[in-house]
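Single-structure report; data block below.
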Amino acid sequence: MSVGRVSGHYAGAFSRLVAFLIDWFIIVTTYGLALGLGQYVLETFFGRSVNYAESPAWWGAGFGLWAFVYLVAGLVITGRTAGKGLMGLKVVSRTGEPLGARWAVVRVLVLPVSIGFFGLGCLGILLGKERRALHDVVARCAVVYDWGDRPAELPAPVTRWLERRTMPPHAPRADRPESPVM
């Protein structure tokens, strides 16, 4: 795979699992908050309430739709979900280009199949050279580490401290502008 502008290697199982758990937490939490807000608005403004236990099919369908929209929107807009972003992961096509909307939809639709059947569709992440799960293979994509293009240097305070230690005392430094001699 030629990753082009992407800065890293294929993502490993642990970082992908943590990203998935973060996304799952976000999906469940935001959906629960939306249900609670909806219930509050209905009771406050309309004097009605909804018993979600009476309609589990609608609740489940709404949850599935919300999860689908969350995952697809993240992949189409930025190539990552919030969890992937926090873990420094990005989903790209096999050529390293951004994943198209059609392939993002395919990837998200096949994800439950990968996870189902005891997670057998995810074995490729552990065993494969390119660390691709079934949903990655079907959607013709890969998950890579991508912290963005930036120079490999230490954080600024550490860099300045090292410069002070290694440079002669009168040499110009980036943090000390030259002043004219009077």
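Along the sequence shown, residues carry numbers from 1.
Here the closest heavy-atom approach between residue A11 and residue L89 is recorded as CB-CD2, 3.5 Å. Across every non-hydrogen atom of Y31 and W58, the tightest pair is OH-O, 4.5 Å. Pairing each heavy atom of W59 with each of L35, the nearest pair is NE1-CD1, 2.8 Å. In this structure, L126 and A13 approach most closely via the heavy-atom pair CD2-CB, 3.5 Å. Across all their heavy atoms, A67 and I27 have their closest contact at CB-CG2, 3.9 Å. The two residues W103 and V138 come nearest to each other via the heavy atoms CZ3-O, 3.6 Å.
When the salt bridge (Lys or Arg N to Asp or Glu O under 4.0 Å) test is applied to R131, no partner is found at least two apart in sequence or on another chain.
Placement of L111 and F117 in two distinct hydrophobic clusters is found when ILVMFWY residues are connected by side-chain heavy-atom separations under 4.5 Å, directly or transitively. In the hydrophobic clustering of this structure, V105 groups with V113; members are Ile, Leu, Val, Met, Phe, Trp, Tyr whose side-chain heavy atoms approach within less than 4.5 Å, directly or through other members. Hydrophobic clustering (ILVMFWY, side-chain heavy atoms < 4.5 Å, transitive): L120 and I125 are in distinct clusters. Following chains of ILVMFWY side-chain contacts shorter than 4.5 Å, one can reach V110 starting from V91, so the two form part of one hydrophobic cluster. Hydrophobic clustering (side-chain heavy atoms under 4.5 Å, transitive across Ile, Leu, Val, Met, Phe, Trp, Tyr) keeps F25 apart from V18.
For the pair Q39/S49, a side-chain contact is recorded, criterion being any heavy-atom separation below 4.5 Å from C-beta on. For the pair T29/L33, a side-chain contact is recorded, criterion being any heavy-atom separation below 4.5 Å from C-beta on. Within the 4.5 Å cutoff, the side chain of D136 has heavy atoms near those of the R107 side chain.
Remark: L75 CG to K90 NZ distance equals 11.0 Å, nearest 0.5 Å. For the atom pair L21 CG and I26 CD1, the distance stands at 11.0 Å (nearest 0.5 Å). Interatomic distance, NZ of K84 versus CD1 of I22, reported as 10.0 Å (0.5 Å rounding). Atoms OG1 and CE, on T81 and M87 in that order, are 11.0 Å from each other to the nearest 0.5 Å. For the atom pair CD of E130 and CZ of R94, the computed distance is 4.0 Å after rounding to the nearest 0.5 Å. A distance of 12.5 Å separates CZ in F118 from CG in L123, rounded to the nearest 0.5 Å.
Under the 3.5 Å distance criterion, the side-chain polar atoms of R132 are matched with a main-chain donor or acceptor of C141. With S114 contributing its side chain and A133 its backbone, the two residues share no donor-acceptor pair below 3.5 Å.
Side-chain contact of Y70 with T30: a donor-acceptor pair under 3.5 Å is absent, judged by distance alone.
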